[in-house]
Amino acid sequence: VGQGGESGDGWFRIISGEPHPLGNVAIVLDGDDSGTATATAAPAARAAATRARMLFPHGASAATAGALEALGFHAHGAMPAMAVDIERLSPTALPAGHVWERIDAGDAAREWTDAMAAGYELPRGLARMLSPEVLGADMAGDADVQFFGVRHDGRLVCTSLLFLADGVAGIYCVATLPEARGNGLGAHATAEPLRIAHRLGYRVGVLQSSESGHGVYRRLGFEDVAGIPLFIRMP
């Protein structure tokens, strides 16, 4: 919220102005409430050139979909919501010459932002909003938010973020530089934070999968538990 996000009863919205649909996001819990969905989406729709996306973790009704279409949003399938029993995670390892590290503030935080932006092909300003540069880097072993990376030849080539809340360990921001892909870095950057969480007493890991990452997560042991309807506005 300190970065411009707004929230109300059952919704969250942030309009960063960044030229990417991830930079202007709304999440509405009650997908049957087309009025709340419309009101939450309206600020993004007022600017003719704004790219935005909306997520409905509990599903979206036909009435809600129709109301969003009137604002220029279009249904874009569903993001797989996945979960894993951490004890059943498949083993992972890094290739020779790669080093796993916890990301602190300072230069490493800026490197994390750069690597995440490049891996996701995001504007740096957007990646920075989720980075240790802005959120801080609490290095306590049980910190709610922990940042990680894989380094090769002194360069950070892969990132991930562990978020501990409500008894569940969430994995986010798993990004690998294009030239470093195919070496299992993303799989390790997903699994290793969950093993850390397991030592803190967490049993379940969760994430929202991209289409490209779905097979990787399935091989690690994740299972699909739901689909989160996604609507995108791309003028």
Side-chain angles (χ1 to χ4, degrees), residues 20-22 77 79-133 135 137 139 141 143 145-164 168-200 202 204-225:
H20 193 284
L22 278 175
M79 295 175 61
M82 308 184 78
V84 67
D85 180 338
I86 299 175
E87 287 188 350
R88 298 183 179 180
L89 274 171
S90 298
T92 61
L94 292 175
H98 292 72
V99 179
W100 174 254
E101 67 177 65
R102 177 93 175 263
I103 303 297
D104 203 342
D107 291 342
R110 290 186 287 274
E111 286 184 88
W112 191 96
T113 303
D114 290 338
M116 209 271 271
Y120 268 117
E121 298 182 353
L122 294 177
R124 191 185 192 281
L126 177 54
R128 188 175 182 274
M129 297 178 78
L130 297 170
S131 78
E133 286 188 76
L135 300 180
M139 298 301 285
V145 181
Q146 301 182 29
F147 298 90
F148 300 94
V150 176
R151 197 174 291 279
H152 180 58
D153 289 340
R155 183 187 184 198
L156 206 64
V157 295
C158 183
T159 65
S160 64
L161 182 160
L162 173 66
F163 180 51
L164 304 174
V168 176
I171 295 293
Y172 301 89
C173 301
V174 178
T176 305
L177 297 186
E179 61 270 25
R181 292 172 187 164
N183 295 307
L185 306 187
H188 191 76
T190 299
E192 191 60 22
L194 291 179
R195 296 186 186 106
I196 293 170
H198 189 259
R199 292 195 286 271
L200 295 173
Y202 290 81
V204 176
V206 298
L207 54 79
Q208 293 98 50
S209 174
S210 65
E211 186 175 328
S212 60
H214 189 256
V216 174
Y217 301 132
R218 291 283 295 179
R219 288 190 291 275
L220 282 174
F222 281 85
E223 297 181 2
D224 294 298
V225 294

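Counting begins at 1 with the first residue of the sequence.
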With no hydrogens and no angle check, is any side-chain donor or acceptor of [X] less than 3.5 Å from a backbone partner on [Y]?
X	Y	answer
Q146	A143	yes
R181	G119	yes
N183	L185	no
S160	A189	yes

Close side-chain approach of [X] to [Y], heavy-atom, < 4.5 Å:
X	Y	answer
L135	F147	yes
D224	S209	no
V206	I171	no
V99	V150	no
T190	L220	yes
L89	F222	yes
Y172	L162	no

TODO: List for me each residue that meets ring-ring contact (aromatic ring centres under 6.0 Å, His included) alongside H198, sequence neighbours excluded, and say none if there are none.
DONE: none
TODO: Flag the pair E133 and R124 as a salt bridge only when some basic side-chain nitrogen lies within less than 4.0 angstrom of an acidic carboxylate oxygen.
DONE: yes
Open item on the list: Looking at E179 and R155, is any side-chain nitrogen of the basic one under 4.0 Å from a carboxylate oxygen of the acidic one?
Closed with: yes
So how far is it from [X] [atom1] to [Y] [atom2], rounded to the nearest 0.5 Å?
X	Y	atom1	atom2	result
L156	T176	CG	OG1	10.0 Å
T92	W100	OG1	CH2	8.5 Å
L194	I86	CG	CD1	5.0 Å
S212	Y217	OG	OH	7.5 Å
R128	T113	CZ	OG1	7.0 Å

TODO: Taking side chain to side chain donor-acceptor pair (under 3.5 Å) as the test, write out the residues that go with R219, two or more places apart.
DONE: none
If you look at every heavy atom in [X] and [Y], which pair is closest and at what distance?
X	Y	value
L200	G141	CD1-O, 3.5 Å
C173	T159	O-OG1, 2.9 Å
A187	V216	CB-CG1, 4.0 Å
G149	I103	N-CG1, 3.9 Å

Task: E223 atom CD, neighbour heavy-atom count above 12 within 6.0 Å - done: no
Open item on the list: Can you tell me if E211 has over 12 outside heavy atoms packed within less than 6.0 Å of its CD?
Closed with: no
- [ ] Could you go through the side chain to side chain contact (heavy atoms under 4.5 Å, CB included) check for E121 and H20 one step at a time?
- [x] CA-CA 10 Å; E121 298 182 353; H20 193 284; over 6 Å; no
Open item on the list: Determine whether V204 and V84 satisfy the following criterion, side chain to side chain contact (heavy atoms under 4.5 Å, CB included), listing intermediate values before the conclusion.
Closed with: CA-CA 6 Å; V204 176; V84 67; over 6 Å; no
Donor-acceptor pairs under 3.5 angstrom involving side-chain atoms of residues 104-112: please list them, not counting sequence neighbours.
| unit_1 | atom_1 | unit_2 | atom_2 | d |
| --- | --- | --- | --- | --- |
| D107 | OD1 | R110 | NH2 | 2.3 |
| E111 | OE1 | R151 | NH1 | 2.9 |
| E111 | OE2 | R151 | NH2 | 3.4 |
| W112 | NE1 | F148 | O | 3.1 |

TODO: On the 0 to 90° scale, with breaks at 30° and 60°, tag the H152-H98 ring pair as parallel, tilted or perpendicular.
DONE: parallel
